[in-house]
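Since we're looking at a predicted model, the values are computed, not measured.
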Amino acid sequence: MALRAALLRHVRIPAQTLNPALTLTGGKWGPPSLRWMSSHDDHLTKSEVTERVLSVVKSFPKVDPSTVTSDVHFQKDLGLDSLDNVEIVMALEEEFKLEIPDKEADKIDSTNLAIEYIYNHPMAG
């Protein structure tokens, strides 16, 4: 999965663009111009993901914001229970506008795992 995400961040597909002036004036087509297209041009940087994940966790009502770091465990370090863990994952889904499958959400039990999952998710925004 990480290899796929890394590859998608660097793949560019050439596409021909149409020159509207030529189609409106009936002129002859010149050499096609190329533009680079990728749906991942606006992929979040790791520091942006880290900042936003930490912000979501710090804003959780049962968490002392001063204890939140990029490698804190939700249950062991913050004293949260499994329901709180689910609520944090749901808040992360809302923040990054993505859906995390239950099977994957169950594995996210620390800020580090949340950061890695979201950073490698191609649709995170």
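Within the structure, every pair that satisfies the ring-ring contact (aromatic ring centres under 6.0 Å, His included) test and touches residues 66-118, not counting sequence neighbours, is listed here: Tyr117-His121. Applying the side chain to side chain donor-acceptor pair (under 3.5 Å) test to pairs two or more places apart or on separate chains, those with a residue in residues 91-105 are Arg52-Glu95.
Under the 4.5 Å side-chain heavy-atom criterion for ILVMFWY residues, a single connected hydrophobic cluster contains both Val53 and Leu44. Linking ILVMFWY side-chain heavy atoms closer than 4.5 Å, directly or via other members, places Leu113 and Ile118 in two distinct hydrophobic clusters.
Between the side chains of Asn112 and Ser110, no donor N or O sits under 3.5 Å from an acceptor N or O.
Side-chain N or O atoms of Thr111 include one that pairs as donor or acceptor with a backbone N or O of Thr69 at under 3.5 Å.
With a 4.5 Å cut-off between side-chain heavy atoms of Ile, Leu, Val, Met, Phe, Trp and Tyr, the cluster of Met90 takes in Val86.
Atom CD of Glu51 sits in a sparse spot, with 12 or fewer heavy atoms from other residues, nucleotides or ligands closer than 6.0 Å.
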Contacts table for residues 78-85: side-chain donor-acceptor under 3.5 angstrom, sequence neighbours left out:
from	atom 1	to	atom 2	distance (Å)
Asp81	OD1	Leu83	N	3.1
Asp81	OD1	Asp84	N	2.8
Asp84	OD1	Lys62	NZ	3.0
Asp84	OD2	Asp81	N	3.2
Asn85	ND2	Ile108	O	3.1

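Taking 4.5 Å as the limit, every side-chain heavy atom of Thr45 sits out of range of all side-chain heavy atoms of Val49.
With rounding to the nearest 0.5 angstrom, the OG atom of Ser47 is 9.0 Å from the OH atom of Tyr119. Of the inter-residue distances, the one linking Asp71 atom CG with Asp77 atom CG reads 7.5 Å to the nearest 0.5 angstrom.
Residues Val89 and Ala105 share a closest heavy-atom pair of CG1-CB, 3.7 Å. Here the shortest heavy-atom pairing between Ala114 and Leu92 reads CB-CD1, 3.7 Å.
Every residue two or more places apart in sequence or in another chain was checked for a salt bridge (charged side-chain N to carboxylate O under 4.0 Å, His left out) with Lys58, and none qualifies. Not counting sequence neighbours, Asp106 has no partner by the side-chain contact (heavy atoms from CB on, under 4.5 Å) test.
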